[in-house]
Protein chains: 2
Amino acid sequence: MHFSKTSEYAIRVLSYLSVHNESLHSVNTLHKELDFPYKYLTKLMTGLTKKGLVISNRGREGGFSLARDSKDIYLNDILNAVEDSGVNEDERCILGFDKCDSTNPCMLHDKWIKPKTLIDDMLLNTTLAELARSNKKI
Amino acid sequence: MHFSKTSEYAIRVLSYLSVHNESLHSVNTLHKELDFPYKYLTKLMTGLTKKGLVISNRGREGGFSLARDSKDIYLNDILNAVEDSGVNEDERCILGFDKCDSTNPCMLHDKWIKPKTLIDDMLLNTTLAELARSNKKI
DNA sequence: AAATAATACTACGATAAAGTACTAATTATC
DNA sequence: GATAATTAGTACTTTATCGTAGTATTATTT
């Protein structure tokens, strides 16, 4: 049970931005600091820009910064931005049981699918600010 | 946040075996009942056999059955068998923070990495028996 | 012994995720 | 205005996951 590589990159790069929010950071800087593949990071950052999580400043001396306060960015926002693996909107059964719904839930239904429980609770309630604060050494 | 297709197949086929444990079940039967790709299911079943979760009986009238009581098969066993995404033994940080360990945990460390909490708790403590019991309509 | 029904093995194909290469567009600095 | 440093866009390559095909092996039934 783990995040995809892309999700991990996104979470960590945004964490970095949140604890270094005094200035802009270019892909080059982020690449050197975080050691993610340069080109892949470029793609990721433009993606995060389109999704509205970061703001890009083009041209020389340009770079990226968080689009809003890290207290207002939730883990779930990040996962939704980079892939469709955030909190499940359609409540499809995580085990794939066709017959699993709220009236006839499988065992994991309540724990995994419905918001405000376990993972979803964490995804929905954990902010980037908390995440970043918890590991200063990035 | 979801299981891989293969994990889902494994969980569901083992659930099926646990609630129909009076006899052997061939890949053909399992394929018809569960509608998973026949050849892929074959490969999966021989894999589960090698990992010791099921017992295979070759030859005509052969098939598969659970290797042990479903009360002794945990979700984590299944995930470990089909991919390396069960509870993380080496405690690698789920966010990828190099510096995250028990003395300097990232925010998710306790919730995700250390056993007996949230997901890991569920994976380690949810048995196939409970899983299967919760959805009889498979 | 032959036929049949099953698992086991090996190799290949299709698709998605991860990563690379190249070029265009933008903007601050000189 | 030229240059340099940056983001943006497009296409390609690589790797892993998912799925298929064909054949060999095993064991039961007749």
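Just so we're on the same page: letters track the sequence lines, and every chain starts at 1.
Taking only side-chain nitrogens and oxygens, Thr6(A) comes nearer than 4.0 Å to OP1 or OP2 of dA18(C). One finds no side-chain N or O of Tyr38(A) lying less than 4.0 angstrom from the OP1 or OP2 phosphate oxygen of dA21(C).
Taken from NE2 in His20(B) to OG in Ser65(B), the straight-line distance is 14.5 Å, to the nearest 0.5 Å. A distance of 4.5 Å separates CG of Asn76(A) from CG of Asn80(A), quoted to the nearest 0.5 Å. The line from OG of Ser18(B) to CD1 of Ile73(B) is 8.0 Å long, rounded to the nearest 0.5 Å. Note: Leu41(A) CG to His31(A) NE2 = 8.5 Å, rounded to the nearest 0.5 Å. With values rounded to the nearest 0.5 angstrom, Thr29(A) atom OG1 is found 10.0 Å from Leu34(A) atom CG. Distance NZ/Lys51(A) to OG1/Thr46(A): 11.5 Å, rounded to 0.5 Å.
Five base pairs at each end of the helix from dA1(C)-dT30(D) to dC30(C)-dG1(D) define two local axes, and these are offset by 0° (rounded to 10°).
On the nucleic acid side, DNA chain D contacts chain A at distances under 4.0 Å to non-hydrogen atoms, with the end points of that region at dA4(D) to dA11(D).
Of the candidates Leu24(A), Leu48(A), Leu66(A), Leu53(A), Leu17(A) forms a side-chain contact (heavy atoms from CB on, under 4.5 Å) with just one, namely Leu66(A).
Heavy-atom distances to DNA chain D give each of Arg60(A) and Lys43(A) a nearest nucleotide, and the one nearer the 5′ end belongs to Arg60(A). Both Asn57(A) and Leu41(A) lie near DNA chain C, and the one whose nearest nucleotide falls closer to the 5' end is Leu41(A).
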Show each protein N/O and nucleotides 22-24 of chain C N/O combination with a separation under 3.5 Å, one pair to a line.
from	atom 1	to	atom 2	distance (Å)
dC22(C)	N4	Lys39(A)	NZ	2.7

